2 protein chains.
Amino acid sequence: MNNKLLQETRMKRYFIEATRNILRSEGLKGISVRNIAKDAGYSYATLYNYFNDVRDLVFECVKDFQHECEVDISNKVEGKSAGIERLKAISKAYVEYFLEYPGIFELFYIEKMSAYGNSKESARLIYHFLDRICQPDWDFYAQKMKLNSDFIERLKDQLRFTLTGMLLFYLNRSSPDNYAEFIQVLEQQLNYIWE
Amino acid sequence: MNNKLLQETRMKRYFIEATRNILRSEGLKGISVRNIAKDAGYSYATLYNYFNDVRDLVFECVKDFQHECEVDISNKVEGKSAGIERLKAISKAYVEYFLEYPGIFELFYIEKMSAYGNSKESARLIYHFLDRICQPDWDFYAQKMKLNSDFIERLKDQLRFTLTGMLLFYLNRSSPDNYAEFIQVLEQQLNYIWE
DNA sequence: CAAATATAATTAACACTGTTCACAGCTCAA
DNA sequence: TTGAGCTGTGAACAGTGTTAATTATATTTG
């Protein structure tokens, strides 16, 4: 009985790994059922024995990529002091990650999720992803500046919306025109959030 | 020679109108070449005599919808006094428009644009759409509060990113959970922008 | 060990998608 | 009236996600 579960999770793993590789290299445009299955070494129909549809499979990758992104950010902000300095560094590292992997930005924020299943949970995970990474520093900042939690929540919201909005415009609408301008606007926005 | 141009723009109009109707009612998911052509009363192949591809056609609708949105906002903010009050009212009306027509939000901010043609121009149009509607009130606000233009530009950016980011999360990731919460967060963000 | 059964993987098929191309029908100048 | 060019068209192609029927494999039973 346990073997069965083991085998099933292994099979799922093969498909998920194939999907992850495609997403990382080609983004969502490279995803197709036949593509994934070929990379996983199985027929395209086999995929449907383990996943309801291709979107469910794609969204199984979210958790993995979040972990990867978190590790990436941790490495980049190493050595920064707690509070504002690290909050800014995290924000920049977060933006840089999605600039490097635009396909993963698409997956996190743009791609439509399937109606049922674990979509609600995935959505919450994505919504509060940045909050979780920043939590220790928000706490530090709140204590130091003696700010109440409502104010901090508002700042968290502001940061989340600003970074996601900026990335959406830059990646999908090429605005601002170039990277330098983008970074300049980003700096302005970040500086203002923490006065 | 002029007849030719007239006929061509008329034909384009038929296809654009069909596309607009589908976008308004069903959103991007309802768009297909054969669908559009059927509604326009022509064969799907005819479409390619007037547009490079279906995305070019879809993006021809942007200007029309921007005008529609602008009129919608104008009606809603009628009677509001210039400055902060009207800026807030415009922001809310802007959000409400896209809540009513999520397909048009998709078209404006999410759908990939074709590589060439008038895509750069379209992108700029979309990026500064909200700025244009708000311009008179930003001017009024700047003069009244004696704020320099750099500061105002930062506020414009903040408003644009915040509203778009919020809509992206709410429409695509169902976060916040419900409309009441969404509006509450929106109010908080708007109130803070203008102190 | 062999046969029957259950399970897993596959191929074939369906209904779509966007796009291209050869061709029919029409308009208009020579 | 003839011929050239323009316009609209269906067939066809290569792709998509998904499902059902069928084959191959693994497991259980006699």
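None of the values given here were measured: they were computed from a predicted structure. In the text below, chain A, chain B and the rest are named by the order of the sequence lines, each starting its count at 1.
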Quiz item: If each of B:Asn35 and B:Ala45 is mapped to the nucleotide of DNA chain C with the nearest heavy atom, which maps nearer the 5' terminus, i.e. the 5' end?
Solution: B:Asn35

Any donor-acceptor pair under 3.5 Å between the side chain of [X] and the base of [N]?
X       : N      : value
A:Arg34 : D:dG15 : no
A:Tyr14 : C:dA9  : no
B:Tyr44 : D:dA11 : yes

Roughly, in whole Å, what's the span from [atom1] in [X] to [atom2] in [N]?
X        : N      : atom1 : atom2 : value
B:Glu8   : D:dT7  : CD    : P     : 8 Å
A:Lys112 : D:dG17 : NZ    : C1'   : 18 Å
B:Ile31  : C:dT17 : CD1   : P     : 11 Å
B:Met11  : D:dT7  : CE    : C1'   : 8 Å
B:Phe51  : C:dG18 : CZ    : P     : 15 Å
B:Lys38  : C:dG18 : NZ    : C1'   : 17 Å
A:Asp53  : D:dT18 : CG    : P     : 5 Å
A:Leu28  : D:dG17 : CG    : C1'   : 15 Å

Practice problem: Tell me, yes or no, whether the heavy-atom count around B:Lys80 atom NZ, taken from other residues, nucleotides or ligands under 6.0 Å, exceeds 12. | Solution: no

Exercise. Can you figure out which of C:dT10, C:dT19, D:dT18 approaches the side chain of A:Val54 most closely?
Key: D:dT18

Self-check item: Per A:Val33 side chain, nearest of listed nucleotides D:dG8, C:dA9, D:dG17
Solution: D:dG17

Quiz item: Are B:Arg34 and B:Tyr44 in a cation-pi setup, meaning NZ or CZ lies under 6.0 angstrom from the ring centre and within 45 degrees of the ring axis?
Solution: yes

Could you label the plane-to-plane angle of the [X] and [Y] rings as parallel, tilted or perpendicular, counting under 30° as parallel and over 60° as perpendicular?
X       : Y        : result
B:Tyr94 : B:Phe129 : tilted
A:Phe15 : A:Phe51  : perpendicular
B:Tyr14 : B:Tyr42  : parallel

Quiz item: Within less than 4.0 Å of OP1 or OP2 of D:dG10, is there a side-chain N or O belonging to B:Ser43?
Solution: yes

Once you apply a heavy-atom cut-off of 4.0 Å, does [X] come out as touching a base, just sugar-phosphate, or nothing?
X       : result
B:Tyr42 : sugar-phosphate
A:Ser32 : sugar-phosphate
B:Tyr50 : sugar-phosphate

